[in-house]
Every structure is written in C-alpha cells, then in structure tokens.
Amino acid sequence: MLSFDITDRHVRIIRGTESHDKIKVSAAASIDLEEGLIVNGHIKDIPKMATIINDELKNKKMADKEAVISISSNLVIFKELHIPKAKGTQLLSMVQNQMQHTMGVADDYSISYTIAGEIEEDGVQAMKILATACPFEVVDCFRKVFSMLGIGLRSVAVACNTITRLIISDPKMKSKMPLLLVQIDPNFVSLNLYENNQLTFSRFASIDPSDYDNPEDYVYEAVNENIVRMFQFQRSRNGDNPIRNVIFYGDTTEYIRLTNSLEQLDIATSLLGVPNNVGGYENFEFQAYANAIGAMLKSNESERINLLEVDAASGRSAAGASFFVTVAVAAIVSAALCAGVTLGANIIKSQYQADTAEIQEWLDSPETAQRTAAVDAMQAKINKVNDFKDGVQTAKDIFDTQPIITSQVVKDLESNFSGEKAEILSYTFSEGEISLSCKATDNNAPSNVVANFIEQDIFDNVTYTGFSYREDENGSDSYTFTINLEIRVPAVEEDEESVEEGVE
C-alpha cells in the first residue's frame, strides 16, 4: 500500500505494509511542489498534480493499487465538543449537527472526530470530542487525482489525526504526557497536545517571513510564539497539569535554539524517534515521513477520522452509502428534518417504506426527545462560554492598546544619544508620556538628539524644554535639558478565526 503526506509544498510517499499495528516500510520518495499548485489544501491543477505523482511513482518503481493520504491545511477547523454518550453513526450525526450549529459550518465541510475522554456537567456524563471540519472540495480534489492515477483511495485524514495514531501506539510516549508534539515546516507550524494517551487539542498555523521583523529568523520566532501560546492555553484549562515535554519533528534546523529557550522554562525537549512498531526500509528520514507512516495504521473505536467514510455516511461520495443510511443519519441529526426523510421515502416508497416507519418510530421515542433536549442544553452552555470569551477578548484588546516601557523602548530611547555629547540622567513615565532629564557638554547636542528622535519616527510629540547652562566643577561647559515624548500606541491584531475557535 502507498501512503501520502501532502502539504502545499511537499509530497512525501511511503510504500509498505501494515499488520497487527506494525508498519514495514519498503520504499520512500519525496516531491517538492512549485508554489501555487496547492493552496491551503486545494489542488489548482488536478491533471498536473496527477502527472507529477505518476512520474515519481514510475521513477521510484513504487506501483501499487491502494493508497491512504494525510493532508494539511489552515482551512481545517478544530473544535472541542461535549456530546451526550452515543456510538457509531448516531455519534457522528450528533458531532456533525453540533459543528454545523456552533461553528456555522455548512454541508460543504467534511467533519471527522476523535474521542478525547469523558466529562461531567451538571451531573450528566458527556463525551469530550475533538472534531475537525475540512472543506469538502479539498477532499474531493484528492479523489479526482487518484482516480486519474487509477489508484484506489482507502482513506483521507487530517495530519493531526494520522500522527496521533503513531504517538498513541508507542508505549514510551504515555509517560511523557501531557506532551506537546510540534511539526515544523517553513510554511506552517502544527501543534498537537496529548493527555492520558489521547489527542486533546490541535492547532495549525500558516507562517510567512513577512509576519516577522526578522525574516531570516521567522521559523524560530513563529515556532517559539506558538509554543508559548499553547503553554498559556494549557495553564488556563488545566493549571495543575502543565506541559513538561515538547517533541519536535519535520524541519528541525532550529532544534538547538528552541531547546535552549525551553530549558529556561523547565521544559524537556526531544526529537520524534522511530517507534518499535515501525521498521523495514532504513534509507529515509523518519521524521519527514512520520505523518504518512501514521496514516497506514488502522483506526480504532475512539476515532472516526477517515473523511471518505464520513462523506459516504453523508451521501456525498461517488461510492457512498445507500439512500437508507443517508436518510437515517439525517433523521438522527434532528427531528426537524422529518419532512425531508418522509419526502425521500415517498420517492422510492416501494423499497424503503418499512425503513421509514422504523425511523419515524425512533424519532417519536422518549430517548430521542431526551437526547435532543441534552444537545439544546449543551448549546446554551456553549453560548454562555462564547459570550464570556468575547468579553475577555475585549478586555485584552483594551489592555494591549495601553503603552508600556519595554526593554526595546529603552534601547530605542538610548540609541538617539549615541554619537552625541549628551546622556540621559533619569526617566519619568506616566500614562504613556516619558520625560527624560538629560545632560550635554556641547551646545548643539540637545537639538541634535531631538532631531534623531524625529528622524527615528517611532515616538510622538517629541519636544525639549528647560535648557540651561552652567560651568561644572572642572570649568567645562555643562548644559541640562528635558525631552518630553509619547510612546506610540501599537495596533491590536486579531488571530486567525480558525485558531481562536479552536482555543475556546
């Protein structure tokens, strides 16, 4: 079987076999893609993409009839949900319904999930679910590519879920939890949080040199920034169980710098190692192909991450489920869709009349009414949490606009005295205004320093007052003066919507 890990700029391919949760790799290949061929997971030229993959498979003699895919995209939405206990198709339907209701996600998204444990709210046991919503068009374009290649596509899954299979299959990882797994790429950072041998949160962020002051250092700055945000998030949700281990994989060029930085926070770091259940082909870099290897492992009862499977359950796959499954799923989602079920049943009444009666009986049952009420109650709680989050964000925005003196501000102030016969004697600061008491040994120094501030153009309302002259005890000229200025208020930037929604 072939396994593909596909991002906007790379295709990693593994050929191997899976048996009893063990992977044996027989070959590997890598393709660097030109910019723009894939954008946020969308393949812009499907025939060209198929040709590129086909040429590489022929060149490496990696022909096979079946494949699985791991994909990455910043269009994927992550959300933690609390769902009444359910199983199978019923659970999938409830997850899809709540994602559509709380996130405004329409039918053009493929929704998958993993079970992250249980939670008790108001004495009622519920399941904690980590759901992912991927645009249906992203999944569909991969269907078309592999149809052109003549390769049967068994699974398409988001990368955070495929790497999770690899992590939880390795017994050594459990002792390191809660741990943060960080995939580094020049174009994105992917972070997965694991607790109790389960994936409990995932974050994917595209990165670009233009977003940082030092473009040459942007990967380090982006990774460090996102790790700090995850630390803060974990402290806010589970302060008694902070992250103590960070594991890196992917482009680990900055590993030493990141390790030195995290050691100051008493955080242990390591590189993702090869698990005992992976073997075979040795002439490839394991970390580069980790997502693809994870995609080869079979799913378990705590997840439903194959987007082809969930699309089939929604009746959208060309090889999808029967009409009955589609009607049943729609009926379980909400009693409000009963009219649609009845209409569909009438179209092929002779074939599905008995099934429609069974579905109607389920809709009228007390159990269904109880579950619907539980979902509505849960949604009311979610709305309250969202209102609280909006209030916190407003307070944060107000705080962020308050000017403060940082070490960088001090450096900027002092840089304007460099090369001049003048120095700062003391600072005073109040509500964004700074007053500098200064001394000079040259008559022109005060005006030169003020001119430097104006040319620097990072402070507002720069003036100097209180100019006076005297001879010091050595008989030298001594001038004193005061410079007044204001710290420029920074603009408040908003995080990407998908990230903010995931941190709720």
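Only a predicted model underlies this, so the values are computations on that prediction, with no experimental measurement involved.
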To check you understand the geometry: which heavy-atom pair defines the closest contact between [X] and [Y], and what is its length?
X      : Y      : answer
Asn291 : Ser70  : CB-OG, 3.7 Å
Ala131 : Met99  : CB-SD, 3.8 Å
Lys60  : Ala28  : NZ-O, 4.3 Å
Gly117 : Gln198 : N-OE1, 3.7 Å

Do [X] and [Y] touch side chain to side chain, with heavy atoms closer than 4.5 Å?
X      : Y      : value
Ile434 : Thr428 : no
Tyr194 : Ile243 : no
Ile163 : Gln183 : no
Leu179 : Met173 : yes
His42  : Ile38  : no
Pro275 : Phe286 : yes
Ile83  : Tyr113 : no
Ile483 : Leu413 : no

[X] [atom1] to [Y] [atom2] distance, which is reported to the nearest 0.5 Å:
X      : Y      : atom1 : atom2 : result
Gln287 : Ile184 : CD    : CD1   : 9.0 Å
Ile23  : Arg165 : CD1   : CZ    : 9.5 Å
Asn484 : Leu436 : CG    : CG    : 8.0 Å
Arg488 : Asn461 : CZ    : CG    : 9.5 Å
Leu191 : Leu193 : CG    : CG    : 9.5 Å
Arg304 : Ile129 : CZ    : CD1   : 12.0 Å

Check for a donor-acceptor pair, side chain of [X] on one end and backbone N or O of [Y] on the other, with a separation under 3.5 Å.
X      : Y      : answer
Asn224 : Tyr220 : no
Ser261 : Arg257 : no
Asp251 : Thr253 : yes
Asn54  : Ala50  : no
Ser430 : Glu433 : no
Asn306 : Val156 : yes

*Using the side chain to side chain contact (heavy atoms under 4.5 Å, CB included) rule, take Val228 and Asn226 through it: C-alpha gap first, then chi angles, then the decisive distance, then the call.*
CA-CA 5 Å; Val228 169; Asn226 279 277; over 6 Å; no

_The test is side chain to side chain contact (heavy atoms under 4.5 Å, CB included); show your working for Ser3 and Ile293 and say whether it passes._
CA-CA 7 Å; Ser3 182; Ile293 293 174; over 6 Å; no

Hey, are [X] and [Y] close enough for a salt bridge, meaning a charged N less than 4.0 Å from a carboxylate O?
X      : Y      : answer
Glu225 : Arg229 : no
Asp8   : Lys44  : no
Glu195 : Arg237 : yes
Asp55  : Lys58  : no

Please determine whether the number of non-hydrogen atoms from other residues, nucleotides or ligands lying under 6.0 Å from atom [atom1] of [X] exceeds 12.
X      : atom1 : result
Phe388 : CZ    : no
Asp213 : CG    : no
Glu35  : CD    : no
Lys128 : NZ    : yes
Asp208 : CG    : yes

Compute the centroid of each ring, for [X] and then for [Y], and state whether the two points are separated by less than 6.0 Å.
X      : Y      : answer
Tyr469 : Tyr479 : yes
Phe204 : Phe78  : no
Phe201 : Phe233 : yes

*Yes or no on side-chain hydrogen bond (donor to acceptor under 3.5 Å, both in side chains) for Ser73 and Asn40, after CA distance, side-chain angles and deciding distance?*
CA-CA 5 Å; Ser73 171; Asn40 293 330; 5.2 Å; no

*Under the side chain to side chain contact (heavy atoms under 4.5 Å, CB included) rule, what do Leu258 and Thr269 come out as? Steps first, then yes or no, please.*
CA-CA 9 Å; Leu258 290 166; Thr269 65; over 6 Å; no

*asked:* Applying side chain to side chain contact (heavy atoms under 4.5 Å, CB included), can you list everything that pairs with Arg12, at least two apart in sequence or on another chain?
replied: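 Side chain to side chain contact (heavy atoms under 4.5 Å, CB included) list for Arg12, sorted by chain: Asp5, His10, Ser30, Ala288, Tyr289.
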
*asked:* Show, in sequence, the C-alpha distance, side-chain angles and deciding distance for Ile43 and Asp45, and conclude whether the side chain to side chain contact (heavy atoms under 4.5 Å, CB included) test is met.
replied: CA-CA 6 Å; Ile43 301 175; Asp45 190 335; 5.6 Å; no

So, [X] versus [Y]: side-chain donor-acceptor pair below 3.5 Å or not?
X      : Y      : answer
Ser468 : Thr480 : yes
Ser112 : Thr132 : yes
Asp412 : Gln408 : yes

_Pair listing, side-chain hydrogen bond (donor to acceptor under 3.5 Å, both in side chains) test, anchored in residues 172-181, at least two apart_ =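 Residue pairs with at least one partner in residues 172-181: Asp170-Lys172.
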
*Looking at Ile115, Val310, Ile111, which one forms a side chain to side chain contact (heavy atoms under 4.5 Å, CB included) with Val95?*
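When side chain to side chain contact (heavy atoms under 4.5 Å, CB included) is applied between Val95 and each of Ile115, Val310, Ile111, only Ile111 qualifies.
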
Specify whether [X] and [Y] have parallel, tilted or perpendicular ring planes, treating 30° as the upper limit for parallel and 60° as the lower limit for perpendicular.
X      : Y      : value
Phe453 : Phe459 : perpendicular
Phe146 : Phe4   : perpendicular
Tyr212 : Tyr218 : tilted

*asked:* Walk me through whether Ser72 and Thr7 qualify under side-chain hydrogen bond (donor to acceptor under 3.5 Å, both in side chains).
replied: CA-CA 5 Å; Ser72 299; Thr7 68; over 6 Å; no

